[in-house]
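Have a look at the structure below, then the notes.
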Amino acid sequence: MIGRSPNDNSFMDLAASIAWRGHGGAEPNPMVGCVIVDGDGDVVGTGAHMRFGGPHAEINALRQAGAQTRGATVYVTLEPCNHTGKTPPCSEALIAAGVARVVYGQRDPHEESTGGDERLRAAGITVDCMPDHAAAAATSAAFAHRVRTGLPWVIAKWAQTLDGRIATRTGASQWISGERSRRMVHRERGRVDALLTGIGTVTGDDPMLTARGVRVRRTARRVIVDPGLRTPYESKLVRTAGDVPTIIACSEDVVNSAADRAGALCGAGIELIAVPAPAGEIPLAAVLAELVRRHDVTNVLVEAGAGLHGRLFRDGLVNEAWVFVAPLLFADEQALPPAIGREVHEVTDGVPLHLTHCHRRGDDVVLRYRVRP
């Protein structure tokens, strides 16, 4: 099976779908999927990187394939690593297994682990790269973004009516989306590293921001953007901070001017990220970068109101948007939109998005977008 194959795309599609099995377990490593195909075109081994510090996708697939790896073609969504970290190099394992060809999706963006391509070629293995394979690229997009920018992958999520409103004029929003949509959100809460919200949502809705009724693969840190440390002591987020990691991003000045309040919140189990806040507005990029620095945060799910959404879009910090459109119409000009705060004079001033998924959840339509660079 040497050289280009008409089946390369379909086998890489399979590897990409397998990679998502590791979402919530592999981070802060990338999600990776691997498929091994013998000379007859039969799949003889599959594997995903399921757990940070555990075997990589290639190793799991090689173990499943056994002796059938000799002369086989390996499809893997990310370039096989070429360094010894928590596990030995996958490039060396592939060479030892006697594979004939390796097809990978994305080049590894990490300087430490890249180089598998060259190592495999030097061993006489045919290597092909498929950098334009969208499904493979999606599996490691968050990891690559964090490595290249020092920022986490940010998903803005909201439920809206057909006329684009996320709450009534009084702020009521429970429930615009249906039960199946809410379950999808809870599942994602149980897989991401952090959940980001604003002080307006905390005081208005008193949310828990935890994953409930689903399998929880990791406990997300709850992060509140609260420049003035106004988060109530009696809020659910503060009362449960001893059980669920909770962070408040606030102004440096308020920590000094309200030391007693800051101390009380820290005593309740809250971690503070204090940053300079000119004109009272916290620089969100600095907060996100600090989450990466302190906790290796790879992905953040935003569950907030129009103001925080608008600032994230304005500052170019949103990578993906999940929009749950409910079969409901308000037709009220004072009902609340999903995002505010940007000035748009021309149509071309809008934020350009690319639709990647569209499907139904009950009577809702779920639209998933990538923000175009």
Side-chain angles (χ1 to χ4, degrees), residues 13 16-17 19-20 23 31 77 105-106 132-146 148-149 151-167 173 176-178 180-189 191-198 201 220 284-285 288 297-328 336-344 346-373:
D13 284 341
S17 67
W20 285 99
H23 183 26
M31 293 181 291
T77 54
Q106 299 295 300
D132 296 327
H133 193 281
T139 62
S140 58
F143 169 77
H145 177 72
R146 194 195 76 223
R148 290 168 179 152
T149 68
L151 296 172
W153 185 265
V154 175
I155 304 168
K157 183 277 300 179
W158 66 84
Q160 69 173 49
T161 62
L162 287 172
D163 51 335
R165 303 294 173 168
I166 64 170
S173 61
I176 288 176
S177 59
R180 290 187 62 192
S181 293
R182 297 196 298 274
R183 184 175 177 81
M184 178 179 172
V185 172
H186 276 275
R187 188 172 67 241
E188 190 65 11
R189 284 182 182 180
R191 296 177 178 177
V192 297
D193 296 320
L195 298 164
L196 183 69
T197 194
T201 299
L284 298 175
L288 294 171
V297 167
T298 298
N299 39 50
V300 175
L301 181 64
V302 183
E303 302 204 39
L308 185 54
H309 277 151
R311 286 187 56 205
L312 288 164
F313 276 109
R314 183 197 69 190
D315 295 348
L317 298 172
V318 177
N319 303 100
E320 196 172 350
W322 290 18
V323 184
F324 296 81
V325 182
L328 184 66
L336 304 180
I340 58 173
R342 298 181 72 253
E343 286 193 13
V344 175
E346 304 291 340
V347 171
T348 52
D349 294 335
V351 177
L353 305 171
H354 169 65
L355 182 66
T356 59
H357 296 85
C358 176
H359 64 277
R360 288 184 62 167
R361 297 284 294 185
D363 288 334
D364 298 339
V365 176
V366 184
L367 306 172
R368 293 177 59 178
Y369 295 93
R370 287 285 185 89
V371 178
R372 294 186 184 277

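One is the number of the first residue; the rest follow in order along the sequence.
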Note, L162 side chain near V325 side chain (heavy atom, < 4.5 Å)
yes
Which heavy-atom pair separates T356 from Y369 by the least distance, and what is that distance?
OG1-N, 4.2 Å
Within the side chain of D193, is there an N or O that forms a donor-acceptor pair under 3.5 Å with the backbone of T298?
yes
Shortest non-hydrogen contact from A141 toward R370
CB-NH2, 4.1 Å
Are the side chains of V300 and W153 in contact, using a 4.5 Å heavy-atom criterion?
no
Within this structure, what is the CD1-CG distance for the pair I340 and L308, rounded to the nearest 0.5 Å?
10.5 Å
Closest non-hydrogen contact found for L195 with A220 is CG-CB, 3.9 Å
Got a second to check how far R372's CZ is from N319's CG, nearest 0.5 Å?
14.5 Å
Would you check, one step at a time, whether the test side chain to side chain contact (heavy atoms under 4.5 Å, CB included) holds for V365 with C358?
CA-CA 7 Å; V365 176; C358 176; 4.0 Å; yes
Taking C-beta and beyond as the side chain, do M31 and F143 meet within less than 4.5 Å on heavy atoms?
no
Can you list every pair that meets salt bridge (Lys or Arg N to Asp or Glu O under 4.0 Å) and has a residue in residues 354-367, with sequence neighbours left out?
R360-D363
With a 4.5 Å limit on heavy-atom distance, are the side chains of I176 and W158 in contact?
no
Closest contact, heavy atoms only, A136 versus G105
CB-CA, 4.2 Å
Rounded to the nearest 0.5 Å, the CH2 atom of W20 sits from the OG1 atom of T77 at a distance of 10.5 Å
Residues in ring pair (Phe, Tyr, Trp, His ring centres under 6.0 Å) with W322, at least two apart?
none
Decide yes or no for L196 and L312: does some side-chain heavy atom of the first lie under 4.5 Å from some side-chain heavy atom of the second?
yes
Under the ring pair (Phe, Tyr, Trp, His ring centres under 6.0 Å) test, residues paired with H133 that sit two or more places apart
none
Polar side-chain atom of S140 near backbone of A144 as donor-acceptor pair, under 3.5 Å:
no
Taking every heavy atom of L151 against every heavy atom of L317, the minimum-distance pair comes out as CD1-CD2, 4.0 Å
d(L355 CG, R368 CZ) to nearest 0.5 Å is 10.5 Å
For R191, give me all partners under salt bridge (charged side-chain N to carboxylate O under 4.0 Å, His left out), at least two apart in sequence or on another chain.
none
Among residues two or more places apart or on two chains, list those pairs meeting side chain to side chain donor-acceptor pair (under 3.5 Å) that have a residue in residues 305-318.
E281-R314
Are the side chain of S177 and the backbone N or O of R182 linked by a donor-acceptor pair below 3.5 Å?
no
Listed by chain and number, what are the salt bridge (charged side-chain N to carboxylate O under 4.0 Å, His left out) partners of R189, not counting sequence neighbours?
E303
Shortest non-hydrogen separation from A304 to G198 and the atoms involved:
CB-N, 4.2 Å
The reported gap from CZ in R183 to CZ in R180 (rounded to nearest 0.5 angstrom) is 10.0 Å
Hey, could you give me the CG/NE2 distance between L367 and H357, rounded to the nearest 0.5 Å?
12.0 Å
